[in-house]
Amino acid sequence: MAGDLLDILNPQQRQAVTAGDGPVLVLAGPGSGKTRVLTYRIAYLIRERGIPPYNLLAVTFTNKAAGEMRERVEGLLGGRLDGLTIGTFHAICAKLLRVEADRTPFGRDYAIYDTDEQASVVKGVMSQLNIDMKRFKPGAVLNAISQAKNELILPNDMPRNDYFGEIVARVYPLYQQALVNSGAMDFDDLLMQTVLLLRDDEVVREKYQRRFAYVLVDEFQDTNTAQYELVRLFGAPQLNIFVVGDEDQGIYAFRGADYRNVMAFRRDYPGAEVVLLEQNYRSTQNVLDVARAVIDKNTKRTPKHLFTDRGEGPKVIVQEVYTEADEAQFAAETIRSLMRSDGYSFRDFAIMYRTNAQSRPFEDACVQYNLPYKLVGGVGFYKRREVRDLVAYLRVINNPNESVSFDRIVNVPGRGIGDKTLAAFKMWAADQGWSVARALSEIAGGAAVPFSGRAAKAFAEFARQIEAWQAFVEVEGSTLEALFDDITGQIGYAAYLREISDTPEENEERMQNLAQLRAVMKEKSHLSLRDFLEETALVAEIDSLDATKNGVTLLTLHAAKGLEYPVVLITGVEDGLLPHSRSITEPEAMAEERRLLYVGVTRARERLYLTYAFRRSLYGDSMLAEPSRFLGDIPAALTEGNWFRVKKMRDQTALEQATRWEREPNNVISFEQKLRDMQASPRDRSKAPPPRPTPTLKYPPGVRVFHAKFGEGVVLNSTRVGDDEEVDVQFAQAGRRVLSASFANLVLLGR
C-alpha cells in the first residue's frame with residue numbers, strides 16, 4: 001500500500017494518512033476527499049502499521065456513510081475485516097450499552113424511542129403534573145430536555161433560571177423515570193448513558209480504552225458536548241485521536257452540535273498535528289469562488305483557499321422571479337432545458353430550500369411538468385401508520401414492558417380493549433407489584449383479572465398471542481419475515497387496513513408499505529429481532545434516500561449535507577428565509593446561516609442557480625421579499641442572470657459610500673448606522689443634504705394598461721419600490737392584480 005495506493009493521494013492527503021501517533025486534526029474543505037483520507041488512514045494503520053482491526057474505532061454520522069467506509073476499507077485491503085468497529089455514535093453506544101447491560105438501569109432489551117414516542121411520554125408526565133400544555137408546549141419541554149442531555153446535565157441538576165426552566169426541571173426527572181420503567185431510551189440517552197458508564201465505571205472504561213487504541217472521527221464539527229466527551233474518554237490515555245472536520249460546514253446547532261469543538265480540540269490537544277485539505281475534487285472553480293465569497297465574511301474559522309483542477313465552469317446563475325410559483329416554474333423549465341441541451345438525467349438535479357414549508361410549489365411544478373421527484377423530509381417510511389403498528393408489535397414481543405408500543409397495539413386492530421380496561425389492567429399489575437410482562441404472563445396462564453366479559457377474554461387472547469410470538473422468535477431457524485406473516489395473519493391486519501383507508505388507492509399504498517417492511521425484514525433475517533429493532537430505530541432520514549430512483553431531489557439545505565449533484569438550484573435566497581428571520585439579530589446564528597448557504601453551494605458539481613422572489617406567500621401571508629444580503633457578497637464577475645434588485649442594491653450601496661464623508665469599515669454602511677440616521681433629530685437632519693427628488697411614476701393611478709396574459713385594465717395605485725414600481729391593477733377579465741412593473745411588461749394605453 002505504501003507504494004501505488006498512496007500514489008493517488010495529493011501531498012496533503014498523504015500527510016494526513018501517514019501521520020504518526022498522537023492527536024491529528026484534518027481540516028477538510030468540501031469535496032476535498034475526506035472520506036478517502038479516513039478510509040486510507042484505516043487501511044494504512046492496519047497494513048503498514050500492523051494495528052489489528054479490533055483495536056480501531058471509526059465514527060461517522062450516518063449509517064450509510066459507515067457502510068460505505070467499511071466497503072472501501074475492505075476493498076483496499078482485499079477482504080472482510082472482522083472486529084473493525086465502524087458506525088455512528090448512536091449505533092456504537094447502543095451496542096456497548098447492550099453488552100454492558102448489567103451495569104446500566106435499562107437492561108439488554110431496551111427500546112429506542114423516536115421523537116413521537118418521546119413526546120407521548122412527556123405529555124403523560126405533564127398531564128400527571130397538571131401542567132397547562134397550551135401554555136407550555138410539550139415539544140419545547142422535550143427539546144429543552146434533549147439539550148440538557150446533550151450537555152450531560154442530569155435530571156436532578158437541571159437549572160431553574162426562569163419559570164419555563166422550573167417546568168422543565170419538574171418534568172425531566174419523571175420523564176427519565178418513565179423511560180427506565182418502560183425499558184426504553186431516547187436517542188440522547190444512548191450518548192449520555194455511555195458517557196456516564198465510562199466516567200463512573202473504571203473497569204468498563206479501561207476495557208474500551210485498551211480495545212480502541214486508535215479513534216477516528218468524521219464530521220467532527222457536528223459533534224455535541226456528549227460526543228466530544230465520548231471521543232475524549234475512548235481516546236485516553238494513548239491520545240491516538242484522528243478527527244476530520246470543517247468549521248465552515250457546522251450547520252446543526254439546533255441539534256446541539258457545536259462547530260467550536262474543532263477549536264476546542266486544538267486547545268485540549270495543543271500538540272496535535274494539523275493538516276489542511278484545500279484541493280476540491282467535486283466542483284468547478286466558479287462554484288468554489290462563490291462559496292468562498294459567502295463564507296469569508298465569517299470569523300472564528302480557519303481560512304481555506306479552495307481550488308480545483310476541474311476548470312472554471314459556467315458562471316453561477318442568480319435569478320430574480322416574481323413569486324414562489326414563478327420560482328418553481330423557473331426551476332422546472334431550467335431542468336427540462338438542461339436535460340434537452342446537455343443530456344442530464346432527472347437524478348442529476350436537486351432543488352434546495354431553507355424550510356420544508358417551501359417545498360409545495362416545487363412539488364406542484366414537478367407534477368405540472370411531468371418531472372419525477374424524491375421529496376426528502378416528507379413522512380418517513382418508519383413513521384407511516386401501518387409501519388409503526390407492525391414495528392410496535394415487534395417491540396412488544398421483544399419487550400412487553402415498553403409502554404408506548406404496548407398502548408399503541410393493545411387494541412389495534414380493535415379487540416374491545418378500551419382506555420378504561422387498559423387503565424384497570426395497569427392498576428391491577430401495579431397493585432400486584434408486577435411488570436406489564438409479568439402481568440401478561442399471568443393472564444395467559446389463566447389468572448383472574450379485575451374486569452370481565454369480552455374485555456377479559458380479549459386481554460387473555462392478546463397475552464397468549466404475545467407469548468406465542470416470543471416463543472416463535474426463540475425457535476431455531478425462525479425468520480423475521482415468517483414472524484411478520486404470522487402477526488399480520490393472526491390479527492387480520494390486511495382487513496383492518498381496508499377498514500381504515502378512505503380510498504382503494506390509500507389502501508393500496510398502505511399495503512405496499514407493508515410489503516416494503518416485509519422485504520426489509522427478509523433482507524435483515526440474519527439479525528436477531530432485538531438487533532433488527534435497534535437498526536431500524538437508528539435509521540436516519542438521509543440513509544433511506546433512494547439514490548437509484550431517477551427523480552429530481554427536493555430537500556432542505558440541512559438535509560443536503562453530505563450529498564452532491566451535477567446541478568443545484570438553491571431557492572428562496574431572501575432575507576427572512578436565508579438568512580432566516582430568527583437569526584438576523586444574532587451574530588452567531590447569522591454565521592451559521594452563512595455556513596448553511598456555503599454547504600448548499602458546495603453541493604453543486606457543475607451548475608449552480610440561486611433564486612429569490614420579488615413577492616412571496618409563506619405561512620398564509622403575501623409580502624414583498626428582499627434579496628438575501630449574502631447575495632451582495634458575491635462578486636458580479638462570477639455570476640450572470642436576471643438579478644436586478646441585487647445589482648441595484650450593490651450599486652446603491654456603492655453610491656452612498658462614494659458620497660459620504662465618513663465611511664463605514666469595509667465600505668459597507670451598517671444596519672445600526674442606517675437606523676441612527678432614520679432616528680436622527682430634525683436639527684441633525686437639517687444638516688443633511690437635501691433629499692433627492694422622487695422619480696416620476698411610470699404607471700400613475702387612473703392610466704389604462706395592457707398585460708399579455710390578463711388583458712386590459714386600469715391602474716388603481718402604484719408604489720415606488722427601489723427603482724421598480726409595484727402596480728395595483730383592476731383588469732376587466734382577470735380581476736385585481738398587484739404586479740411588478742419590471743416583470744409585467746405593461747403597455748400604457750393612456751387615460
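Every heavy atom of this structure was used, including side-chain atoms; hydrogens, water molecules and symmetry mates were not.
Side-chain atoms of T88 do not come within 3.5 Å of backbone N or O of N63 as any donor-acceptor pair. At distances below 3.5 Å, at least one donor-acceptor pair connects side-chain atoms of N10 with backbone N or O atoms of Q12. At distances below 3.5 Å, at least one donor-acceptor pair connects side-chain atoms of R41 with backbone N or O atoms of V17. Looking only at distances, no side-chain donor or acceptor of Y699 sits under 3.5 Å from a matching main-chain atom of V705. Judged by distance alone, the side chain of E324 and the main-chain N or O of P361 form no donor-acceptor pair under 3.5 Å. Although no hydrogens or angles enter the test, the distance criterion places no donor-acceptor pair under 3.5 Å between the side chain of R282 and the main chain of P30. Counting only distance, with no hydrogens or angles, the side chain of R354 and the backbone of L578 share no donor-acceptor pair below 3.5 Å.
For T611, the side-chain hydrogen bond (donor to acceptor under 3.5 Å, both in side chains) partners are E327, not counting sequence neighbours. Applying the side-chain hydrogen bond (donor to acceptor under 3.5 Å, both in side chains) test to S283 and every residue at least two apart in sequence or in another chain returns nothing.
When side chains are defined from C-beta on, V729 does not count as touching H707, because their heavy atoms never get closer than 4.5 Å. Proximity of Y609 to Q319: side-chain heavy atoms (C-beta onward) are nowhere separated by under 4.5 Å. Residues L557 and V599 have side chains not in contact (no heavy-atom distance under 4.5 Å, counting atoms from C-beta outward). Using a 4.5 Å heavy-atom threshold, the side chains of R310 and E606 count as touching. At a threshold of 4.5 Å between non-hydrogen side-chain atoms, the residues F349 and M339 count as touching. Proximity of Y44 to R14: side-chain heavy atoms (C-beta onward) are nowhere separated by under 4.5 Å. Side-chain contact check for T323 versus F614: every heavy-atom pair is 4.5 Å or farther apart. Looking only at side-chain heavy atoms (C-beta outward), R292 and L638 stay at 4.5 Å or farther from each other.
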Report task. With side-chain contact (heavy atoms from CB on, under 4.5 Å) as the test, would you mind laying out the steps for V376 and T556 before giving the verdict? Result -> CA-CA 8 Å; V376 179; T556 65; over 6 Å; no
Requested in this report: Verify side-chain contact (heavy atoms from CB on, under 4.5 Å) between M352 and L555, making sure each step is shown before the conclusion.
Outcome: CA-CA 5 Å; M352 301 178 186; L555 73 172; 3.8 Å; yes
Report task. Decide yes or no on side-chain contact (heavy atoms from CB on, under 4.5 Å) for R607 and L338, but give the supporting numbers first. Result -> CA-CA 10 Å; R607 295 180 180 271; L338 288 175; 3.9 Å; yes
Report task. Show your working on side-chain contact (heavy atoms from CB on, under 4.5 Å) between I351 and I335 and close with a plain yes or no. Result -> CA-CA 10 Å; I351 299 174; I335 291 169; 4.1 Å; yes
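For the atom pair R347 CZ and N550 CG, the distance stands at 4.0 Å (nearest 0.5 Å). Atom-to-atom distance recorded for L610:CG and T571:OG1 is 10.0 Å, nearest 0.5 angstrom. To the nearest 0.5 Å, atoms CG (L554) and OG (S359) are separated by 7.0 Å. Here the CG-CD distance, from N224 to Q227, works out to 4.0 Å after rounding to the nearest 0.5 Å. Separating the NE2 atom in H558 from the CG atom in N356 is a distance of 11.0 Å, to the nearest 0.5 Å. Interatomic distance, E247 CD to N261 CG, rounded to the nearest 0.5 Å: 11.0 Å.
Counted by atom type alone, Q368 and D364 present zero donor-acceptor pairs between their side chains at under 3.5 Å. Between the side chains of Q249 and Y598, no donor-acceptor pair is found at a separation under 3.5 Å. Of the N and O atoms on the side chains of D309 and Q279, at least one donor lies less than 3.5 Å from an acceptor on the other residue. When only modelled atom types and interatomic distance are considered, D348 and S345 share no side-chain donor-acceptor pair under 3.5 Å. Side-chain contact check for E586 and S583: no donor-acceptor pair (N or O, by modelled atom type) lies under 3.5 Å. In this structure, a donor-acceptor pair under 3.5 Å is absent between the side chains of Q512 and Q516.
The residues E593 and R629 are annotated as not salt-bridged, no charged nitrogen and carboxylate oxygen being separated by less than 4.0 angstrom. Salt bridge annotation for R616-E574: present, with a cationic side-chain nitrogen under 4.0 angstrom from a carboxylate oxygen. Salt bridge absent: R594 and D248 never bring a charged side-chain N and a carboxylate O closer than 4.0 Å. Using a 4.0 Å cut-off between charged nitrogen and carboxylate oxygen, K34 and E219 count as a salt-bridge pair. Here R301 does not pair with D246 in a salt bridge; the nearest charged N to carboxylate O distance is not below 4.0 Å. Electrostatic pairing of K315 and E640 does not count as a salt bridge here, judged by no charged N lying under 4.0 Å from a carboxylate O. Classification of E363 and R360 as a salt-bridged pair fails, no side-chain N sitting under 4.0 Å from a carboxylate O.
Results of the side chain to side chain contact (heavy atoms under 4.5 Å, CB included) test with F242 over V26, V217, L25 single out V26 as the only residue that passes.
Closest heavy-atom contact between D222 and A257: O-CB, 3.3 Å. Listed here is the closest heavy atom pair of Y322 and A613: O-CB, 4.0 Å. Across L538 and F187, no two heavy atoms sit closer than the pair CD2-CE2, 3.7 Å. Scanning both residues, L277 and Q13, for their nearest heavy atoms gives CD2-N, 3.8 Å. Closest approach of P579 to D575, counting heavy atoms only: CD-OD1, 3.4 Å. Minimum interatomic distance between V601 and V287 (heavy atoms only, all atoms of both residues): O-CG1, 3.4 Å.
Between Y259 and Y252, the gap from one ring centroid to the other reaches at least 6.0 Å.
Classified by interplanar angle (parallel below 30°, tilted 30° to 60°, perpendicular above 60°), the ring pair F265/F220 is perpendicular.
Note that R336 lies outside the cation-pi zone of Y369, set by a 6.0 Å cut-off to the ring centre and a 45° limit from the axis.
Counting non-hydrogen atoms of neighbouring residues, nucleotides and ligands closer than 6.0 angstrom, the CD atom of E509 reaches no more than 12 such neighbours.
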